[in-house]
Amino acid sequence: MSAIDPLAPVHGSPVPGPESRLLVAGVDEAGRGPLAGPLTVAAVVFDPARPRINGLDDSKQLTAAKRELFYGRITERALAWHVVVLEVPDIDRLNIYQATMLGMRLAVEAVAHVAGVAHIDGNRVPAGLPCPGHALIGGDGRDRAIMAASILAKVTRDRMMRVLHETHPEYGFAVHKGYGTPAHLAALDAHGPCPQHRHSFAPVREAAARRAGLGQVALF
């Protein structure tokens with residue numbers, strides 16, 4: 001398992017202040033639903049002394065160009081931020097829910113030196129957080145720290161999927177980012193799964209079984 005985004009460094013304040021207990025870490029993920037590629041989880045703590053970033057929103061409501069723009073602003077102005085990457089073997093070993101919970105805990109641990117509470121997008125708080133946590137359904141549309149985390153997680157994952165596309169261009173990862181689009185499902189049927197596909201997901205298992213069946217038929 002890779003603990004950080006390999007495409008961007010981890011930043012944070014090395015010295016926690018007494019006001020840290022008042023600061024919020026926003027936490028969100030990208031990539032729970034796709035059939036291929038990593039899961040990314042980000043945590044962001046804003047510095048109230050730094051200029052506010054205007055125009056933040058849920059990453060799904062922003063264009064790719066806007067997300068890239070905000071990625072730079074967030075990483076420049078945040079007091080601390082961290083991106084956790086869980087690769088396909090981790091997802092298949094743990095299952096996607098447990099991988100998400102692990103990623104969220106690791107992300108919060110990385111910024112807990114400057115935050116006193118974590119706001120988690122969704123309806124579950126991971127066990128073992130180093131600080132109190134609150135689940136916010138729809139938090140990526142109403143909590144600025146969660147919005148920022150959703151952007152960092154999404155941009156990180158999209159960048160990684162573009163890199164994977166260079167190795168496996170036949171699947172179109174740069175376009176659909178691993179989601180189960182008709183084009184992706186057709187490519188799975190045509191080529192079978194690659195090492196970046198999640199065999200814990202039914203469409204991938206079924207495609208692998210079909211390919212194995214075709215191979216058995218060809219032997220007779």
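All values reported here derive from a predicted model rather than from experimental measurement.
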> Measure from the side-chain N and O atoms of R67 to the backbone N and O of S59, and report whether any donor-acceptor pair falls under 3.5 Å.
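Yes; at least one donor-acceptor contact below 3.5 Å.
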> Taking all atoms of both residues into account, what is the closest heavy-atom pair of F46 and I53, and its distance?
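Smallest heavy-atom distance, with atoms named: CE2-CD1, 3.9 Å.
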> How far apart are the closest heavy atoms of G103 and V84, and which atoms are they?
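Looking at all heavy atoms of both residues, the closest pair is O-CG2, 3.8 Å.
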> Identify whether the distance between the nearest side-chain nitrogen and carboxylate oxygen of D57 and K66 falls below 4.0 Å.
no
> Going through the checks in order, is the salt bridge (Lys or Arg N to Asp or Glu O under 4.0 Å) test met by D28 and K154?
CA-CA 9 Å; D28 201 4; K154 173 67 173 166; over 6 Å; no
> Do you know which two heavy atoms are closest between L185 and G180, and how far apart they sit?
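Nearest heavy atoms, L185 then G180: CD1-O, 3.8 Å.
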> Any chance you could measure T100, atom OG1, to N95, atom CG, to the nearest 0.5 Å?
8.5 Å
> Tell me whether E68 is salt-bridged to R159, with the criterion being a basic N under 4.0 Å from an acidic carboxylate O.
yes
> Hey, does V27 have a side-chain heavy atom less than 4.5 Å from the side chain of H119?
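Answer no - side chains too far apart.
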> Does one hydrophobic cluster hold both V88 and L188, with members joined at side-chain heavy-atom distances below 4.5 Å?
no
> Roughly how far, to the nearest 0.5 Å, is CD of E170 from NE2 of H165?
9.0 Å
> Take atom CZ of R124 as the centre, draw a 6.0 Å sphere, and report whether it contains more than 12 heavy atoms from other residues, nucleotides or ligands.
no
> Could you check whether any side-chain heavy atom of D121 comes within less than 4.5 Å of a side-chain heavy atom of D143, counting everything from C-beta outward?
no
> Is there a path of hydrophobic side-chain contacts, each under 4.5 Å between heavy atoms, that joins I120 and Y97?
yes
> Testing M161, R157, K177, H184 for side chain to side chain contact (heavy atoms under 4.5 Å, CB included) with P34, which one passes?
R157
> In Å, rounded to the nearest 0.5 Å, how long is the span from CG of L23 to NE2 of H113?
11.0 Å
> Does the side chain to side chain contact (heavy atoms under 4.5 Å, CB included) test come out yes or no for D140 and Q61, once each step is laid out?
CA-CA 10 Å; D140 51 4; Q61 305 303 318; over 6 Å; no
> Does some side-chain heavy atom of H168 sit less than 4.5 Å from a side-chain heavy atom of P195?
yes
> Taking E87's backbone N and O only, do any of them form a donor-acceptor pair with D90's side chain (distance below 3.5 Å, no angle check)?
yes
> For the residue pair I96 and R32, what are the closest heavy atoms and their distance?
CG1-O, 3.5 Å
> With distance as the sole test, does R142 use its side chain to make a donor-acceptor pair with the main-chain N or O of I137 at under 3.5 Å?
yes
> When rounded to the nearest 0.5 angstrom, what distance separates CG in L35 from NE2 in H197?
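Going from CG on L35 over to NE2 on H197, the span is 6.5 Å.
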> How far apart are the C-alpha atoms of E166 and R162, what are their side-chain angles, what is the distance that settles it, and do they pass the salt bridge (Lys or Arg N to Asp or Glu O under 4.0 Å) test?
CA-CA 7 Å; E166 296 175 4; R162 289 195 292 270; over 6 Å; no
> So, does R211 use its side chain to make a donor-acceptor pair with the main chain of A190 at under 3.5 Å?
yes
> Looking only at atom types and distance, does a side-chain atom of R50 sit under 3.5 Å from a main-chain N or O of A78, one as donor and one as acceptor?
yes
> State, with a plain yes or no, whether a side-chain heavy atom of D47 is found less than 4.5 Å away from one of R77.
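The answer is no, as the side chains (C-beta and beyond) never meet within the 4.5 Å cut-off.
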> Would a hydrophobic clustering, with Ile, Leu, Val, Met, Phe, Trp and Tyr connected at side-chain separations under 4.5 Å, put V108 with L136?
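No; tracing contacts between hydrophobic side chains, which count when under 4.5 Å, never links both residues.
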> Please tell me if the side chains of L69 and L62 come closer than 4.5 Å, counting only heavy atoms from C-beta onward.
no
> Taking side chain as C-beta onward, heavy atoms only, is P38 less than 4.5 Å from L164?
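Result yes, sub-4.5 Å side-chain heavy-atom pair found.
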> Classify the ring geometry of F173 against H176: parallel below 30°, tilted from 30° to 60°, perpendicular beyond 60°.
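Answer is perpendicular, since the angle exceeds 60°.
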> State, to 0.1 Å, how close V41 and E29 come at their nearest heavy-atom pair, and which atoms those are.
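Scanning both residues completely, I find the closest heavy atoms to be CG2-CB, 3.9 Å.
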> Treating Ile, Leu, Val, Met, Phe, Trp and Tyr as nodes and any side-chain heavy-atom pair under 4.5 angstrom as an edge, say whether W81 and V155 lie in one connected cluster.
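Yes, one cluster joins them.
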> Do Y171 and I91 sit in one hydrophobic cluster, given that two such residues count as connected whenever their side-chain heavy atoms are within less than 4.5 Å of each other, even indirectly?
no
> For residues M104 and P126, report the shortest heavy-atom separation together with the two atoms involved.
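Here M104 and P126 meet closest at CB-CG, 3.5 Å.
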> I want to check something: taking the side chain as every heavy atom from C-beta on, are L94 and M101 in contact at a cut-off of under 4.5 Å?
no
